[in-house]
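Worksheet for the structure shown next.
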Amino acid sequence: MVDLKRLQNSFEEVSKSLRKKGIKEELLKELRRLFGVLKEQRAKLESLQAEKNEKSRLFPVYKKEGKDVSSLKDELDKIKEKINFEQKIVNDLESELEIYALNIPNIPDESVPEGKDENDNVEIKRVLDIPQFDFTPKEHWELAEDLEWIDFKRGVKLAKSRFSVLKNGAAKLERALINYMLDFNAKRGFNEVCVPYIVNKESMLGTGQLPKFADDLFKIEGEELYLIPTAEVPLTNLFRDEILCEDELPLLLTSYTACFRKEAGSAGRDTRGIIRQHQFDKVELVSIAKPEQSDEVFEKMVECASDLLTSLGLPHRLVELCGGDLGFGAARTIDLEVWLPGQGKYREISSVSNTRDFQARRAKIRYKEGKKNRLVHTLNGSSLAVGRTLIAIMENYQQKDGSIKIPEVLKKYL
RNA sequence: CGGGAGAUGUCAGAGCGGUUGAAUGUGCCGGUCUUGAAAACCGGUGAGGGUAACACCUCCGGGGGUUCGAAUCCCCCUCUCCCGGCCA
């Protein structure tokens, strides 16, 4: 959630930053206006409440003195009527403001490049050379079919399109990758946790999936429960409504979960293979940090994911997202894109974001600094998307005879 | 899913319908004492909003109601614990 006080006090700055994400100034002006009106109305209401409290306290005094309380009662009735009236105004304003505020994305960092979409993202660096083949490398679905590693048809039979079944080497490799990634992250200081794949509405609000992106979520029928689209949701919400100790920060967490996404807006995209599935495995990193720690933690997370790819021998590049391509909750994001020889392209395999205090404000995650409570910074990143890593290994390690070589570091996991 | 009990500050645990945002203990912070520590004693210590700072407002699981006034009474929901059933 945007900091409404900041919006009020430094409107130009906030408005300018949010323009990077394509937010119109009129919307922010309306938000600021509403906030101003709400403050006024609240002040009005509160002074009436103060009056009510004060008068109510007179009752015991009157009774003791044997005085008649009926005129006092009448007065209070009038005040109460006014309070009810003002209360309704305040309530209406609050819910109106909430709808606006919860739908405003996070303010991008100063350093975020201008741009409309992914074409304006800025490549930071490339790691490892692209492999050369003395044959034409295949795409992962061709390899998968030849090797009987992935059963696309039966995945669809079991559920619907964009579901698949991993078999043989793929099933084993998937599991090996999960274990390898978790161990790798643990060595970097991230504590492994195992969390629910189903969370409630409050959690989804806390990390920003709701209310805006309800269409992307699988909801449990008849319940206010949702399948998680990423472990970021349960991991970050572990600390919702909590006040953490300063000296336990930063908290570094890693978790493997399945992730579920409706992919509502991506009809026709990546329909072949398992690049874009409704259910996929991911190992996630989440950090809860003090504001002054968050840049350092961010670098650590990017490095962790990048080194993980390197350790698997997978060529990749780091890309800084431009304003227009930034996610709703992110102040800054670096994507890691892995080289897929079959496609001849770099494809996203990880995304590391610093949400600053955006999620913390929604989810009320604070820490105690001396006597004061301050909002933490929350960060999240994949390390890595397991299915896409599987694809990357298949395509990068494919041999002329159609077999797949196994990266050295994974051998002990198989 | 059925029966019973409960939900209060870090935790434990009081709370008559009226200065109770909340006794007491504990934890934590500060002080006295001490060579230092412990013990003892004194003081401070919930959250959110508001203010230059006060004042002031809201919050005792969540929502509604009764009342001039509710942590305290009534209704609904959620959650926790115990007993039984079912089950990985």
Side-chain angles (χ1 to χ4, degrees), chain A residues 1-10 31-32 34-98 100-102 194-206 210-211 219-226 234 237-249 251 257-258 357-376:
Chain A
M1 192 151 68
V2 284
D3 184 350
L4 288 170
K5 269 188 234 166
R6 189 171 154 203
L7 180 74
Q8 200 184 37
N9 297 331
S10 11
L31 191 63
R32 178 178 62 169
L34 271 171
F35 185 57
V37 177
L38 174 64
K39 273 182 85 167
E40 264 173 51
Q41 285 296 326
R42 260 213 273 254
K44 225 177 185 176
L45 172 68
E46 283 177 10
S47 67
L48 282 167
Q49 284 170 325
E51 199 181 338
K52 184 191 88 168
N53 291 339
E54 199 186 328
K55 292 245 157 85
S56 283
R57 278 194 284 264
L58 287 175
F59 272 82
V61 180
Y62 274 38
K63 272 189 187 159
K64 216 189 231 169
E65 295 172 357
K67 278 169 113 179
D68 179 33
V69 292
S70 60
S71 67
L72 195 56
K73 230 180 214 182
D74 288 346
E75 262 182 83
L76 271 157
D77 280 341
K78 273 184 206 146
I79 295 172
K80 261 184 27 175
E81 211 174 296
K82 278 193 217 164
I83 286 178
N84 287 340
F85 180 76
E86 297 296 337
Q87 183 76 64
K88 197 181 172 312
I89 294 176
V90 168
N91 289 348
D92 289 351
L93 278 167
E94 270 173 354
S95 40
E96 194 182 350
L97 189 72
E98 189 180 81
Y100 269 101
L102 287 177
C194 196
V195 291
Y197 295 2
I198 294 177
V199 298
N200 57 28
K201 196 176 162 186
E202 288 71 30
S203 294
M204 288 296 187
L205 279 166
L210 288 177
K219 186 169 189 279
I220 310 282
E221 194 181 340
E223 311 245 16
E224 284 294 352
L225 294 171
Y226 302 82
N237 277 285
L238 283 173
F239 310 102
R240 175 156 50 82
D241 286 318
E242 290 194 21
I243 299 171
L244 304 164
C245 281
E246 181 173 8
D247 50 15
E248 66 184 316
L249 300 177
L251 286 162
T257 70
D357 62 10
F358 183 80
Q359 291 177 329
R361 183 171 297 105
R362 290 176 157 238
K364 300 185 180 65
I365 308 174
R366 294 143 295 170
Y367 72 100
K368 196 159 278 288
E369 191 178 79
K371 293 194 93 175
K372 276 186 129 173
N373 297 324
R374 293 179 68 194
L375 293 171
V376 299

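Since the structure is predicted, the reported quantities are computational estimates derived from the model, not experimental observations. Convention: sequence-line order gives letters A, B, ...; per-chain numbering from 1.
Here the separation of A71(B) from G21(B), taken at their P atoms, is 8 Å to the nearest Å. Using atom P as the reference point in both G49(B) and C41(B), the two lie 38 Å apart (nearest Å). With both ends at atom C1', the span from C60(B) to A47(B) equals 12 Å, rounded to whole Å. When the C1' atom is compared between A5(B) and U10(B), the two are found 25 Å apart, to the nearest whole Å. A gap of 27 Å separates the P atoms of G64(B) and G46(B), to the nearest Å. Atom name P, nucleotides C57(B) and G3(B): the rounded distance is 44 Å, in whole Å. Taking atom C1' on both nucleotides, C74(B) is separated from U67(B) by 12 Å, rounded to a whole Å. With both ends at atom P, the span from G84(B) to C75(B) equals 29 Å, rounded to whole Å.
In terms of the side-chain contact (heavy atoms from CB on, under 4.5 Å) criterion, E221(A) has no residue partners (sequence neighbours excluded). Not counting sequence neighbours, the partners of L225(A) by the side-chain contact (heavy atoms from CB on, under 4.5 Å) test are I198(A), N200(A), I220(A), E223(A). Residues meeting the ring-ring contact (aromatic ring centres under 6.0 Å, His included) test with Y367(A), sequence neighbours left out: none. With sequence neighbours excluded, the residues that form a side-chain contact (heavy atoms from CB on, under 4.5 Å) with K82(A) are L48(A).
Nucleotides of RNA chain B lying under 4.0 Å from heavy atoms of chain A occupy a range whose first and last members, 5' to 3', are G18(B) to G69(B).
Here K5(A) lies in heavy-atom contact (under 4.0 Å) with sugar-phosphate atoms only. Note on K39(A): only backbone sugar-phosphate atoms sit closer than 4.0 angstrom, heavy atoms only; bases stay farther off. Among the protein residues, K368(A) comes within range of the sugar-phosphate backbone only, with heavy atoms under 4.0 Å from sugar or phosphate atoms but none that close to a base. I79(A) comes within 4.0 angstrom of nothing in the nucleic acid, heavy atoms only. Residue contacts shown for N373(A) are limited to sugar-phosphate atoms, with no base heavy atom under 4.0 Å away. Contacts of K55(A) with the nucleic acid, taken as non-hydrogen atoms under 4.0 Å apart, are absent.
Between L210(A) and Y226(A) there is a side-chain heavy-atom pair separated by less than 4.5 Å.
With respect to D92(A) and K88(A), a salt bridge is recorded, a charged nitrogen being found less than 4.0 Å from a carboxylate O.
With both pairing distances under 3.5 Å, U32(B) is matched to A40(B) as a Watson-Crick or G-U wobble pair. The pairing partner recorded for U20(B) is none, the criterion being a Watson-Crick or G-U wobble arrangement whose two distances lie under 3.5 angstrom. Summarising the base pairing, U26(B) is matched to no nucleotide, lacking a Watson-Crick or G-U wobble pair whose two defining distances lie under 3.5 Å. Taking a pair to require two hydrogen-bonding distances under 3.5 Å in either a Watson-Crick or a G-U wobble arrangement, G2(B) pairs with C83(B). Across all strands shown, A53(B) forms no Watson-Crick or G-U wobble pair with both distances under 3.5 Å. Using Watson-Crick or G-U wobble geometry with both donor-acceptor distances under 3.5 Å, A70(B) finds no partner in any strand shown. Across all strands shown, A7(B) forms a Watson-Crick or G-U wobble pair, both distances under 3.5 Å, with U78(B).
For the segment residues 42-52 of chain A, residues with any heavy atom less than 4.0 angstrom from an atom of RNA chain B are, sorted by number, E46(A), Q49(A), A50(A).
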Atom pairs and distances, donor-acceptor, side-chain atoms in residues 2-10 of chain A, under 3.5 Å, two or more places apart:
unit_1 : atom_1 : unit_2 : atom_2 : d
D3(A)  : OD1    : K5(A)  : N      : 3.2
D3(A)  : OD1    : R6(A)  : N      : 3.4
R6(A)  : NH2    : E13(A) : OE2    : 3.0
N9(A)  : ND2    : K5(A)  : O      : 3.1
S10(A) : OG     : R6(A)  : O      : 3.3

Begin with the C-alpha distance, continue with both residues' side-chain angles, and end with the deciding distance and a verdict on side chain to side chain contact (heavy atoms under 4.5 Å, CB included) for I89(A) and E86(A).
CA-CA 5 Å; I89(A) 294 176; E86(A) 297 296 337; 4.1 Å; yes
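Summary of the strand contacts: N53(A) and L72(A) both lie near RNA chain B, and taking for each the nucleotide with the nearest heavy atom, the more 5' one is attributed to N53(A).
Donor-acceptor pairing under 3.5 Å is lacking for the side chains of Q49(A) and N53(A).
Identified under the salt bridge (charged side-chain N to carboxylate O under 4.0 Å, His left out) test for residues 49-59 of chain A, with sequence neighbours left out: E51(A)-K55(A), K55(A)-E75(A). The salt bridge (charged side-chain N to carboxylate O under 4.0 Å, His left out) analysis of residues 239-248 of chain A, with sequence neighbours excluded, yields the pairs E246(A)-K290(A).
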